[in-house]
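The chains referred to below are lettered A, B, ... by the order of the sequence lines, with proteins before strands, and numbering in each begins at 1. In what follows, every heavy atom counts, from backbone to side chain, and hydrogens, waters and symmetry copies are set aside. Bear in mind the structure is a predicted one, so any value in this text is a computation, not a measurement.
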Amino acid sequence: MGKEITARAQDYSQWYLDLVKKADLAENSDVRGCMVIKPYGFSIWEKMQQGLDKMFKDTGHVNAYFPLFVPKSFLAKEASHVEGFAKECAIVTHYRLKNAEDGSGIMVDPDAKLEEELIVRPTSETVIWNSYKKWIQSYRDLPLLINQWANVVRWEMRTRLFLRTTEFLWQEGHTAHETAKEAKDETLQMLNVYADFAENFMALPVYKGKKTESEKFPGAVDTYCIEGIMQDGKALQCGTSHFLGQNFAKAFDVQFAGRDGKLDHVWGTSWGVSTRLMGALIMAHSDDDGLIVPPRLAPIHVVIVPIFKTDEEYEQITKVANQVKKDLQEKGYSVKYDNRNTHKPGFKFAEYEMRGVPVRITIGPRDLASGAVEVARRDTKEKASMKLEELVSQIPVLLEDIQKSIYQKALAFREQMTTHVDSYDDFKKVLDTKGGFVLAHWDGTTETETKIKDETKATIRCIPLEGSMEKGKCVVTGKPSEQRVLFARAY
RNA sequence: CGGGGUGUAGCACAGCCCGGCUAGUGCGCUACGUUCGGGACGUAGAGGUCGGAGGUUCAAAUCCUCUCACCCCGACCA
């Protein structure tokens with residue numbers, strides 16, 4: 001009672017909000033535009049961090065931490081960068097409060113005005129390149145491969161939990177290299193890391209591609225991205241990787257002595273994913289009963305629910321449950337035995353389904369008698385009977401199967417929702433009736449891109465790096481096109 | 001920044017137009033009992049300066065003025 005969520009078919013965005021709340025992932029804070037990530041939601045984010053962090057380390061990166069505050073003068077050094085972020089910066093102007101003279105509370109002390117205002121970082125390129133200037137003198141100092149886990153602030157007008165909040169959590173990698181090629185390779189390497197993560201951990205197939213001139217990161221030479229599709233047919237950018245050229249090196253005068261003894265500016269990259277991935281995870285897989293979490297990101301892999309009436313039954317069941325729990329934990333799985341006596345089994349079933357726990361084991365008197373238990377999988381809601389002695393060997397197999405099956409379902413959906421079109425009429429028709437990704441030819445101009453965006457609300461999500469590269473004619477102007485590009489209405 | 005809306009118990013809301021006894025309902029919460037293989041039920045409780053300030057009135061959640069806050073819809077963004 002009172003736990004149901006709005007059906008997807010009825011109101012997708014309400015479904016999303018209900019789910020975030022009922023699955024206990026996050027809630028709106030009284031601080032405008034900011035969210036409170038609740039323990040269960042945060043534990044999923046931690047699993048994401050762990051997976052990504054290992055992949056960063058495995059590719060030679062190290063973690064560090066740079067300041068939250070960016071002096072205004074830093075931000076101003078790279079022209080297109082400052083222009084891109086100027087409209088959404090939070091600014092610290094004072095450093096002290098005092099009691100109001102009329103007794104009405106506290107006020108900003110006008111005498112404590114900062115000499116130079118500090119910007120709360122919307123991203124850290126400038127602060128980091130300011131350090132790199134001091135750290136890099138020679139080609140021997142390169143490459144510099146650093147990542148940081150941090151919060152950033154972008155003063156958005158409209159926010160949605162996880163998808164767009166004023167403050168969000170992310171990681172940002174910032175690297176410096178000796179040659180353009182090395183930096184470009186790094187950019188693509190990290191793009192591939194993100195794509196692997198999305199597919200193997202999040203079970204979310206993504207398209208990899210390059211952003212158009214108008215969609216790229218302010219300050220970058222090239223921006224690459226991974227794009228996923230949500231169940232309502234809208235696209236979501238899930239990660240970006242930028243080739244910065246020498247833009248920040250020049251802005252911050254970061255030069256190194258090369259092997260030939262000559263000075264040159266270093267080549268940079270930056271790349272990031274954020275708590276927006278939580279939004280992607282939710283919208284890609286979940287259903288009207290709640291969250292569906294792929295096992296590799298699930299904070300709890302298996303929940304055991306006891307069913308009992310008497311104390312004797314409870315004791316017998318608990319003995320078995322604790323053994324199962326111990327055995328599975330020894331194999332590296334996270335298991336919860338929910339022995340609360342304050343909630344009924346049916347309530348617990350619904351609760352763990354809402355939270356997307358991949359596997360539920362139910363143990364009751366009947367099971368003790370038969371030596372088998374009921375095992376239910378969250379993704380398909382199928383139930384099966386499994387012999388007690390087989391649990392330890394079969395649960396891992398089941399979890400692996402769930403991981404794959406969630407991915408396969410998402411992949412099939414994406415394939416079904418990716419449409420090739422060859423005329424502007426079809427383009428509009430597909431967007432209005434079916435949605436999803438549209439692969440169409442485009443003449444490569446910003447004018448055409450803008451026209452399409454104004455008329456259809458669809459944007460070029462990316463110029464795909466893979467897939468058929470056949471030439472054709474722009475669906476709007478008929479001018480020649482080198483390859484199809486990926487359009488969609490997006491979050 | 002434009003347009004629309006809402007502030008009443010922890011949450012969701014009714015009451016307001018047409019002022020009048022002790023401000024209600026559902027969920028949640030507490031206690032006890034019966035329940036327990038798909039979101040239990042009964043009984044008894046706790047919980048409110050009706051967003052704030054001022055005004056009209058014998059009397060204001062309700063009418064008037066001001067103010068604050070938040071939410072939703074449009075142009076920008078991970």
Length of the [atom1]-[atom2] vector between [X] and [N], whole Å:
X: A:Asn28; N: B:A69; atom1: CG; atom2: C1'; answer: 14 Å
X: A:Lys22; N: B:G39; atom1: NZ; atom2: P; answer: 17 Å
X: A:Asp24; N: B:G10; atom1: CG; atom2: P; answer: 19 Å
X: A:Glu374; N: B:C36; atom1: CD; atom2: C1'; answer: 15 Å
X: A:Ile307; N: B:A40; atom1: CD1; atom2: P; answer: 13 Å
X: A:Ile5; N: B:C11; atom1: CD1; atom2: P; answer: 22 Å
X: A:Asp338; N: B:G39; atom1: CG; atom2: P; answer: 16 Å
X: A:Arg164; N: B:C72; atom1: CZ; atom2: P; answer: 12 Å

Counting any heavy atom closer than 4.0 Å, what does [X] reach on the DNA or RNA strands: base, sugar-phosphate only, or nothing?
X: A:Tyr491; result: nothing
X: A:Arg160; result: nothing
X: A:Leu163; result: base
X: A:Asn341; result: nothing
X: A:Thr165; result: base
X: A:Gly364; result: base

Base partner of [N], which must satisfy Watson-Crick or wobble distances under 3.5 Å:
N: B:G54; value: B:C64
N: B:A9; value: none
N: B:G33; value: B:C41
N: B:A75; value: none

Kindly point out which of B:C76, B:C36, B:G39 is positioned nearest to the side chain of A:Ala350? B:G39
Rounded to whole angstrom, note down the [atom1] distance from [N] over to [M].
N: B:C13; M: B:A23; atom1: C1'; result: 14 Å
N: B:G47; M: B:G3; atom1: P; result: 44 Å
N: B:G51; M: B:A14; atom1: P; result: 13 Å
N: B:A44; M: B:C27; atom1: P; result: 15 Å
N: B:A12; M: B:G7; atom1: C1'; result: 13 Å
N: B:C68; M: B:G24; atom1: C1'; result: 27 Å
N: B:A46; M: B:G10; atom1: P; result: 15 Å
N: B:G48; M: B:A9; atom1: C1'; result: 6 Å

Please report whether the ring centroid of A:His81 lies less than 6.0 Å from that of A:Phe248. yes
Ring centroid separation A:Tyr194 to A:Phe197 under 6.0 Å: no
Looking only at heavy atoms, which two atoms of A:Arg378 and A:Val357 are closest? And how far apart? CB-O, 3.2 Å
Can you tell whether the side chains of A:Asp432 and A:Arg489 come within less than 4.0 Å, N to carboxylate O?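 Yes, this pair counts.
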Do NZ/NE/NH1/NH2 and the carboxylate oxygens of A:Glu227 and A:Lys211 come within less than 4.0 Å?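 Salt bridge between A:Glu227 and A:Lys211, a charged N being under 4.0 Å from a carboxylate O: yes.
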Donor-acceptor pair (no angle test) under 3.5 Å: [X] side chain, [N] base:
X: A:Arg154; N: B:C77; result: no
X: A:Lys383; N: B:G38; result: yes
X: A:Glu351; N: B:G39; result: no

Between A:Lys348 and B:G37, does any side-chain N or O lie under 4.0 Å from OP1 or OP2?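 No, A:Lys348 has no side-chain N/O under 4.0 Å of OP1/OP2 on B:G37.
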I want to check one thing: is the phosphate of B:G39, taken as OP1 and OP2, less than 4.0 Å away from some side-chain N or O of A:Lys344?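 No, no such contact exists.
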Could you check whether A:Thr175 and A:Thr269, counting side-chain N and O atoms only, form a donor-acceptor pair closer than 3.5 Å?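 Judged by distance alone, the side chains do pair up.
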Looking just at side-chain N and O atoms, do A:Ser405 and A:Asp379 make a donor-acceptor pair shorter than 3.5 Å?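 Per modelled atom types, A:Ser405 and A:Asp379 side chains form a pair under 3.5 Å.
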Mapping A:Lys216 and A:Ala376 to their closest nucleotides on RNA chain B, which lands nearer the 5' end? A:Ala376
Ranking A:Ser13 and A:Asp367 by the position along RNA chain B of their nearest nucleotide, the one closer to 5' is A:Asp367
Pi-cation contact, A:Tyr424 with A:Lys428 (under 6.0 Å, within 45°): yes
